[in-house]
Amino acid sequence: MGMKSDIQLIKDGKRLDGRKPNELRDITIKAGVLDNADGSCYLEWGGNKVLAGVYGPKQCLPRHLSNPYKAVLNYRYNMAPFSVDDRKRPGPDRRSVEISKISAEALERVVLLEKFPETMVDVYVEILQAEAGTRCAALTAASVALADAGLPMKDMVTAVAAGKIDGTVVLDLNKAEDNFGQADVPMAVLQHSGEIVLLQMDGDLTQKEFHQAATMAIEASKKVYELQKAALKDKYKERGSK
Amino acid sequence: MGMKSDIQLIKDGKRLDGRKPNELRDITIKAGVLDNADGSCYLEWGGNKVLAGVYGPKQCLPRHLSNPYKAVLNYRYNMAPFSVDDRKRPGPDRRSVEISKISAEALERVVLLEKFPETMVDVYVEILQAEAGTRCAALTAASVALADAGLPMKDMVTAVAAGKIDGTVVLDLNKAEDNFGQADVPMAVLQHSGEIVLLQMDGDLTQKEFHQAATMAIEASKKVYELQKAALKDKYKERGSK
Amino acid sequence: MGMKSDIQLIKDGKRLDGRKPNELRDITIKAGVLDNADGSCYLEWGGNKVLAGVYGPKQCLPRHLSNPYKAVLNYRYNMAPFSVDDRKRPGPDRRSVEISKISAEALERVVLLEKFPETMVDVYVEILQAEAGTRCAALTAASVALADAGLPMKDMVTAVAAGKIDGTVVLDLNKAEDNFGQADVPMAVLQHSGEIVLLQMDGDLTQKEFHQAATMAIEASKKVYELQKAALKDKYKERGSK
Amino acid sequence: MSVEEVALEVKGDYVRQLAAKGMRQDKRKMDEYRPIKVTPNFIPHALGSSYVELGKTKVIAGVSMAVGTPYPDTPASGTLMTGAEFAPIASPLFESGPPRPAAIELARVVDRGVRESKTIDFDKLCITEGEAVWMVMLDLHVIDYDGNLFDSSSLAAISALLNARIPKYEDGKIIREETSGKLPVSKKPVECTFAKVGDVLMLDPTLAEEQGMDARLTVATTEKSICAMQKGGSGSFSLDEVEGLIDQAFKKGKALRKLL
Amino acid sequence: MSVEEVALEVKGDYVRQLAAKGMRQDKRKMDEYRPIKVTPNFIPHALGSSYVELGKTKVIAGVSMAVGTPYPDTPASGTLMTGAEFAPIASPLFESGPPRPAAIELARVVDRGVRESKTIDFDKLCITEGEAVWMVMLDLHVIDYDGNLFDSSSLAAISALLNARIPKYEDGKIIREETSGKLPVSKKPVECTFAKVGDVLMLDPTLAEEQGMDARLTVATTEKSICAMQKGGSGSFSLDEVEGLIDQAFKKGKALRKLL
Amino acid sequence: MSVEEVALEVKGDYVRQLAAKGMRQDKRKMDEYRPIKVTPNFIPHALGSSYVELGKTKVIAGVSMAVGTPYPDTPASGTLMTGAEFAPIASPLFESGPPRPAAIELARVVDRGVRESKTIDFDKLCITEGEAVWMVMLDLHVIDYDGNLFDSSSLAAISALLNARIPKYEDGKIIREETSGKLPVSKKPVECTFAKVGDVLMLDPTLAEEQGMDARLTVATTEKSICAMQKGGSGSFSLDEVEGLIDQAFKKGKALRKLL
């Protein structure tokens, strides 16, 4: 956030990539793309390319981490070395560890883990190409992959970010906006209950601006949710036609 | 030891910080300063600030390290990143590992570990501010923390260093003396038996000088021991008055 | 392989170190050189100095890696820090891991591991001085150490490399030939069955050249095999004479 | 599961029962902090430091500095790095070893509060553009752990930064004995953390309350703006709840700022 | 032993029974590849990339570049570094953590095929002799694993290198948005891997076939030469077998090269 | 507990019983070394090396050198770094992995003996003040372990340093094939290690004696001075005992020095 520059990010009410303030980037979602994983999802979101895979419920290893009341949900957000301009060294860095932690917590709210005590569910998300907003793209894809794996879920998790650029609250920051903008608010919302299960913010927002950003993100999440549902339907149709 | 310099470390029988050859730096000891630890001690020794905490006896983990005849004593000497001029990277370095090893061995002599088979006692010492002589300060504090934890002990471990600067044997080197001096002899002594349970030396000493240094350190340890005892008494008084 | 240079590696049918194309460097093998290891071998091959030690069969640890049908064979190829010009950092690098993997696989073919289910056999090879061809020297020594440990073996593993320099197929590349040559083919062969149990190649070879190189290496392995046998015989004689 | 973990679980259940009745173990109000004590410059040899007690939770923050090359995209700006160590001395629940997710999250959330408030003027930390800048290293050292490390650590962090001095730099060498002024720190971002236990929202959770909570929200504010937020835990918040907590964070933030 | 490992063991036994009758599970001929699909430039933001499907096995290769100092003994040559990650998304058999021996072997065998074929003209990657050269970093990312990672990964690798471009380098800075031409790649080395199951030699083993095999031979060829080989597994080959497989590798290599 | 560890424990008990009767397993006198054999220059390609056998204990020391920047506080002095590896080939008690406390202690005690005796003239290892100095890297490689690694390793270390040569350094490059003289080594510090078993003090403990001992004292001496000491083990020494052992160390040191 907040790198200085003379770049004007909004001109004549349009953003540099031509979007209106409350417009999402293009999103494509496909469920069931991997053969080994129990559930999977490939998602493109603007320039982001994200692959999610789910294994489980399965035996919890190492055993001493298992929980007698519910399944343990592990989430691994991982950037491929070639996903960013400067090669990302393999292995978890501090940023990945934090994103994995809060994303797991978001999913724990919806997956009926108590149905599978002593087991674990592994959610792996590979960021193949990164262009701002990967954590929301990853979590949105992971939610579809969990549903594709047939895991019982209370609701779908849909993640969208809003932010502030050139003093204006906008939806779904792209890379330039993320670098030179003034605030970013990644959120994840449950469609049926309206609950917020992931929320971060950094930058500079007044209470009013936060309200505007949060409302905008929640509104947009409905569109993303439709794409999540459609992806799962397409998958079942395909299966049916085979 | 032994960095070259033109600094004269002793002038007119006084050291740069005004001490006489056989004089200790100021020492303050307080027992029972932490809430979670079973026993604890905060100790200031010249510019050193040291915090010791003890947990145990408790279940020995991992189990295969447990001993059927006695408790295992773990000692972790750890420097806080901000304790030295150039930030110390977190995690054990080779120096810390060595100090931890010999300090554990020193304490094994006094704690009645055979009373608690299959368990372990964890001794943690955090160096918050370092200014020469931290291993002695740490071990002295650890001994108080063990007593504060109520662990049965044969004797108290009291550690003091002597050394040589400008050809003179002196007590308790400070930072400049440690850098530019000629020898350092950290020792830990049991007050009742006179046993030496920690002994290191580096630099250049004749046999005679060693005798002088060792005698000086043992003599000074008596004063430190009084402060250790007083700290424990104060703690009990405080408890009593609550 | 294939660093550029103006060096002529073959002159008048002779190599820089005076060898003919199909000539091995000097090889010395001694079995039973260590006291702790169950079997051991010290081998000099040109400028290579290699020490192999074998422990086992012994309890397989960690237990979950044990195999109910056979012993697990572990192979650790390790370069001493001073074995190469630029100090080798201790610990396995990627090259060592690969060599260890394929060398273990080569030995699995000959050791009757199925006689010792649930156990493991540890083969350690220390490269004390390295001068091209260490993986073949190491595997040849390891095979002698296994025999010295009394482990039942179908056959002896003998490893020799052939290669190409200045367009000519030659045996057993030395350091300059390895750096500036055109191909290297490390092989390990069983003498009685003629089976190839280790084979790597890098550089540039036609099919014909490969045939020539492989034949040359197999032929030379017979000489090395005689030295392996002699080393084991000498060991038994020595023992007998004690 | 260790004895300590079992005991903590029991305490967490108790916290939930109490909360359902609108009560807290230590009889605090829902929007009340435990006693707070800030001791700036606790480690006088360090360039900046502070020791904070928040109830039984105790944290030390220390500031170190070094000279390094700037990032290519900000060639005229100093840098900040924040680390947190959960020293095992602080709790039977901590173990030695590399920082676990919770310690990483703590360091990153404290870092974000400091960084995003733009309280440090990084441009003033430039020595030679593109070549040499001051690297500020902020280390959080937890020594006694009874919950709410976010608020205690961020208080210690900003307090340490406020008393930090920059050493002299001459001829490519750092002269630690001399100073070339104070670290340019202009604002006082503070973090307020709320736990949601069932339907109850409570400020400044203790360890037992953290164990019993469903979710957690941390809001970092300066006088006028929110500069960072972090939700944690497997529970959720409604947007109304979040906005209410932001409101509270602004109010409580003022009180915290007075301690600095 | 996990459920997956037990299941795989059973499949391996079945493969051996079938092979003894001259058959394969998926009815392929012994010298037949599974369907292969190569999608070059799959990660358009990367300097070079390719996505390869070989039956159910799926691998992405990506090329990154940086400027660094050359090795002292080759002061006028760029460098190549190849890494392979067995992401746990690819198989229940993979775990997170540092690269295991199999991943290291894969990276090194793919690297050797590329390097030894001299397909990259490293001299053209020199910027300033002895000071600055391009470092090519080739990363293999396995995302679905059903055997024969050698052939799929080396195909992805060479395909990614063939479409890789070099960013502009000016005044000591990399300008990623502009290009200073394509990576100088002249040949198309390809790798063919054969499994030996009992006495039967079969091309392109699936995961089950790898489980059931005694030994494995990988042969990397360019049009005219063998450039790398690697034997694996605890079984063995006769020299005749090796030479026969080299022969096949030249033939199959031609077909693979057409996919690039 | 492994079979080897149990066996060792039994041997340790036996050592204690013998010691109580004034005896040692191998019939040595209490102040007697096992046979010592020093083979300098054992690794001729290395800059310096030595192979030492002390009874069944076998250690190789090797010297490597590189050019690096000096420490800021000693800009005109070369540096020394000492490492020790307990290769698992040396004993069933050693495992692979990062150096354990015992290996670290060994390396540091050997390093201290060398460093504090000032036997290496580090000022002569300066190439360009503040910029380039020789870094001496001394590596201890234990290949057979039967106790008393301190004395055997320090002997190997000083022997290797005594035969070490400095490569030529020209135009910023190391020319290993040529030499620019010997490493400037002036003294022969040697270490003598004593075990205390019950009340008995014995020189040069074997592995079984180390197992049975209560405490250990290592004394490093040059001809005239003590240059390093290290006490180990959970037992203790009286000051009289320490002074007696220092006396012995001076006497035994003379004999050791003749082997160099």
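Predicted model, so just to flag it, every value in this text is computed and none were measured. Chain A is the first sequence line, chain B the second, and so forth, proteins listed ahead of strands; every chain is numbered from 1. Below, all heavy atoms of this structure are taken into account, side chains as well, without hydrogens, waters or symmetry copies.
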Legend entry - Side chain / backbone / both / neither for E:M135 at chain A, heavy atoms under 4.5 Å: neither
Donor-acceptor contact below 3.5 Å, side chain [X] vs main chain [Y]:
X	Y	result
A:N36	E:D144	no
A:Y55	E:I89	yes
E:D139	A:A80	no

Legend entry - Inter-chain contacts: residues 103-122 of chain A against chain E, heavy atoms under 4.5 Å: none
Inset, instruction - Tabulate, in ascending numerical order, the residues of residues 135-151 of chain A having at least one heavy atom closer than 4.5 Å to a heavy atom of chain E, or enter 'none'. - result: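 From residues 135-151 of chain A, none sit under 4.5 Å of chain E.
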Legend entry - Candidate pair E:M81 and A:R87, rule side-chain contact (heavy atoms from CB on, under 4.5 Å), full reasoning: CA-CA 12 Å; E:M81 198 207 71; A:R87 177 178 185 266; 3.6 Å; yes
Inset, instruction - Give, for atom OH of A:Y42 and atom CD1 of E:I143, the distance between the pair rounded to the nearest 0.5 Å. - result: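 If we round to the nearest 0.5 Å, A:Y42:OH and E:I143:CD1 are 9.0 Å apart.
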Legend entry - Proximal to chain A - members of residues 169-185 of chain E, heavy-atom separation under 4.5 Å: E:R176
Legend entry - Residue-level interface, residues 44-54 of chain E with chain A, non-hydrogen cut-off under 4.5 Å: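 Those residues of residues 44-54 of chain E which have a heavy atom under 4.5 Å from chain A are E:P44, E:H45, E:A46.
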Legend entry - Under 4.5 Å from a heavy atom of chain E, the part of A:N78 involved: side chain
Give the minimum heavy-atom separation between [X] and [Y], together with the two atoms involved.
X	Y	answer
A:P81	E:S64	O-OG, 4.1 Å
A:G91	E:E85	N-OE2, 4.3 Å
E:F42	A:K49	O-NZ, 3.3 Å

Legend entry - Heavy-atom check, side chain of E:I60 versus side chain of A:E126, under 4.5 Å: no
Inset, instruction - For the residue pair E:P88 and A:R76, establish whether any side-chain heavy-atom pair is separated by less than 4.5 Å. - result: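 When only atoms from C-beta onward are counted, A:R76 and E:P88 do touch, with a gap below 4.5 Å.
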Legend entry - Winner by heavy-atom pair count (cut-off under 4.5 Å) against chain E, out of A:V84, A:V33, A:D38, A:L51: A:L51
Legend entry - More than 12 heavy atoms of other groups within 6.0 Å of E:K11 NZ: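 Incorrect, the count does not exceed 12.
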Inset, instruction - Please check if atom NZ in E:K56 has more than 12 non-hydrogen atoms from other residues, nucleotides or ligands closer than 6.0 Å. - result: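 Atom NZ in E:K56 is not crowded, with 12 or fewer foreign heavy atoms closer than 6.0 Å.
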